[in-house]
Amino acid sequence: MRKVMLTGDRPTGKLHVGHYVGSLRRRVELQNTGDFDDIFIMIADAQALTDNADNPEKVRQNIIEVALDYLACGLDPEKSTILIQSQIPELCELSFYYMNLVTVSRLQRNPTVKSEIQMRNFEASIPVGFFTYPISQAADITAFKATVVPVGEDQMPMLEQTKEIVHKFNSVYGETLVEPKILLPENQACMRLPGTDGKAKMSKSLGNCIYLSEEPEEIKKKVFSMFTDPNHIRIEDPGSLEGNTVFTYLDAFCRPEYFPEFLPEYENLDELKAHYQRGGLGDMKVKRFLNNVLQAELEPIRNRRKEFQKDIPAVYEMLRKGTGKAEKVAAETLRDVKAAMKINYFDDEELIRMQSAKYTES
Ligand code: TRP
């Protein structure tokens with residue numbers, strides 16, 4: 001069977017370190033294994049509009065930011081097709097037909113949609129487009145016959161919904177769509193990296209994100225103001241790792257080689273944690289280490305981004321090409337879907353022959 005990876009992001013802002021450990025880093029690794037027959041990375045602008053309908057300029061401006069972040073992280077257009085969702089009308093058509101296979105009550109049970117409705121205070125005035133975006137996401141995934149979808153935990157309900165649509169479609173209309181598998185981040189810290197203030201959600205308005213394009217001084221400032229253990233007051237006090245943002249970030253970012261480089265008096269992260277819990281290790285020292293780690297991780301990304309920023313027209317050209325290539329694949333799937341649903345009248349000579357036999361005297 002072909003191996004196809006697909007994933008994407010809503011272009012509502014620059015990408016941050018949460019995106020990086022949650023999915024981006026993994027995408028690039030998978031891309032570079034060469035294991036996949038095809039890789040599609042989607043800038044999900046149409047989905048972003050489902051809850052930003054009144055702010056299209058925000059979405060428009062952030063397409064290039066997300067594309068630059070992708071390239072900066074090492075997504076390579078020679079190996080991964082980067083596309084813009086709204087420019088592929090086939091996705092809307094697929095969504096429209098899938099809508100017949102999903103109930104309103106099923107959509108109401110989607111936990112991610114539920115919490116987004118609360119967060120956005122939609123309550124009684126939920127836009128239909130927003131409410132149905134899990135169906136559109138099923139179209140995104142199935143249009144490219146994706147087998148592997150690397151995403152964060154919050155996307156699990158979307159993958160469940162997609163699988164249900166695939167099963168329902170195939171059982172009603174015959175084997176047509178491919179069932180995708182979710183690929184979750186490698187550990188709990190990567191699954192839900194908190195903001196620098198320890199809050200679960202990283203958001204621009206809270207000022208608690210570290211962006212991939214952040215300058216070194218900013219990174220440092222954010223690391224040194226990070227939330228730790230509020231009861232760890234004196235260095236001798238035993239410290240707690242639970243909800244300690246600095247250690248959560250180390251879980252997500254630390255590599256073994258950073259110890260000899262930046263903190264040679266410890267063998268590994270377990271030793272550092274044990275010392276902190278025992279008491280006698282100050283927050284400043286751990287923050288200094290984390291700052292070194294983050295600087296080492298983000299510097300090459302920032303530098304690559306600056307190179308790509310020098311030729312913006314080339315980035316748009318790359319997007320145009322990727323979108324064109326992706327549309328061809330989506331069009332093929334749509335053709336299969338319409339044939340399975342028997343809405344391919346003009347391609348069906350048998351249908352025309354039968355109908356004319358019905359009305360022609362023999
Ligand atoms: N829902 C995803 C997010 O909020 C973005 C997305 C849209 C996506 N279509 C997708 C992710 C298809 C994976 C596969 O980040």
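Counting convention: from 1, in listed order, for ligands and their atoms alike.
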For ligand 1, list every N/O pair with the protein closer than 3.5 Å, one pair per line with the distance.
| unit_1 | atom_1 | unit_2 | atom_2 | d |
| --- | --- | --- | --- | --- |
| ligand 1 | 1 (N) | Q47 | OE1 | 2.7 |
| ligand 1 | 1 (N) | Q137 | OE1 | 3.0 |
| ligand 1 | 1 (N) | Q155 | OE1 | 2.9 |
| ligand 1 | 4 (O) | R10 | NE | 3.2 |
| ligand 1 | 9 (N) | D140 | OD2 | 2.8 |

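Taking T248 as the reference, nothing meets the side chain to side chain donor-acceptor pair (under 3.5 Å) condition, with sequence neighbours excluded.
The shortest non-hydrogen separation linking Q31 to S80 is OE1-OG, 2.8 Å.
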Audit row: I63, R60, side-chain contact (heavy atoms from CB on, under 4.5 Å) steps and yes/no: CA-CA 6 Å; I63 300 243; R60 181 184 171 83; 5.6 Å; no

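Each of L159, D140, I182, L183 was checked for a side chain to side chain contact (heavy atoms under 4.5 Å, CB included) with V149, and the lone residue meeting it is L159. A ring pair (Phe, Tyr, Trp, His ring centres under 6.0 Å) with F289 is found for one member of F253, F259, F247 and no other, namely F259. Screening L83, I82, T7 against F40 for a side chain to side chain contact (heavy atoms under 4.5 Å, CB included) leaves a single residue, L83.
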